[in-house]
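Down below is the structure, laid out as structure tokens.
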Amino acid sequence: MKLYVYDHCPFCTKARMIFGLKSLPLELSFLLEDDTATPTELIGKKVTPILQKAEGSYMAESMDIVHYLDGLQGDVLVTPTESDSPIQVWHKAAWRTILNLSIPRLGSADLPEFATAAARAAFQLRQTKNFGDFDELLSHSAEWQQELDVQLRELDALLAGREQIDADDFTLYPSLRMLSIVKGVQYPVNVTRYMERMAVATAVPLYTEQAR
Ligand SMILES: N[C@@H](CCC(=O)N[C@@H](CS)C(=O)NCC(=O)O)C(=O)O
């Protein structure tokens, strides 16, 4: 099966995670950020992820893709969790800070969706509309990292002894993966362990090596 993605896209990470967790063969296709034609041809609009199923039809919506793939073989892995589970509540509180820190840095990272200058510029344009000017965002890094240090210590307590996989991981890991592009974030021990374990189990690597 083929999955159309942007590497930086947290929704695409969700879809990639289930391939790794279930050891399903995956052909990844990285779209350029300014390629409107391909996704529009496949599903009628510019959005990722898009799954091309084995019989050839296309499917959008990350969690629909996750549940579809989870149901194909073996026991169901992605058991549902409550929308107010401790991890979901933590994520709601930390999500905006994670985005504010990671989006401008992802914009300068070496990623396949930015293989041309025009594609990189399209990302900057789209995300400036969503989050504001990148230089302005970067100028607030120190205060947001301090805020996040406190939140990560709270997360550390939630992740102590965590071994299972459930729907909460499909919220949490994509965000922590985005955050790994940010240099100098102090991850407490359980959060570090979680990120490293999930990177291996899902085969969706962190950005640690190109953190900036
Ligand atoms: N509800 C969708 C959201 C997907 C989504 O918003 N993807 C973003 C990339 S992270 C996107 O394609 N945005 C439109 C664009 O690139 O122009 C899902 O869960 O799959």
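As the structure lists them, so they are numbered: ligands from 1, and atoms in each ligand from 1.
Annotation for ligand 1: atoms under 4.0 Å from non-hydrogen atoms of P49 are 20 (O). Atom numbering of ligand 1 starts at 1 in the shown order; those under 4.0 Å from a heavy atom of R126 are 13 (N), 15 (C), 16 (O), 17 (O).
Both the sub-6.0 Å distance and the 45° axial angle are not jointly satisfied by K53 relative to the ring of Y58.
When each of D169, I165, V66 is paired with L77, the side-chain contact (heavy atoms from CB on, under 4.5 Å) condition holds for I165 and for no other. Evaluated for a side-chain contact (heavy atoms from CB on, under 4.5 Å) with V78, the options I18, D168, D166 yield exactly one hit, I18.
Ring geometry for H8 versus F114: interplanar angle under 30°, hence parallel rather than tilted (30 to 60°).
Among all heavy-atom pairs drawn from C9 and T48, the shortest one is SG-OG1, 3.8 Å.
What sits closest to atom 6 (O) of ligand 1 on the protein, heavy atoms only, is F11 CE1, 3.6 Å. Among protein heavy atoms, the minimum distance from atom 8 (C) of ligand 1 is reached at T48 O, 4.0 Å. Looking only at protein heavy atoms, the nearest one to atom 2 (C) of ligand 1 is E61 OE2, 3.4 Å. Counting protein heavy atoms only, atom 17 (O) of ligand 1 is closest to K46 NZ, 2.9 Å. If you check which protein heavy atom lies closest to atom 10 (S) of ligand 1, you get C9 SG, 2.9 Å.
The environment of E209 atom CD is sparse: at most 12 non-hydrogen atoms of other residues, nucleotides or ligands sit within 6.0 angstrom.
Counting only non-hydrogen atoms, the option in D35, V47, D64 that gets closest to atom 11 (C) of ligand 1 is V47. For atom 18 (C) of ligand 1, the nearest non-hydrogen atom from the set P174, S62, P10, A122 comes from S62.
Taking the six-membered ring wherever Trp is involved, the centroid distance between the rings of Y6 and F30 does not fall below 6.0 Å.
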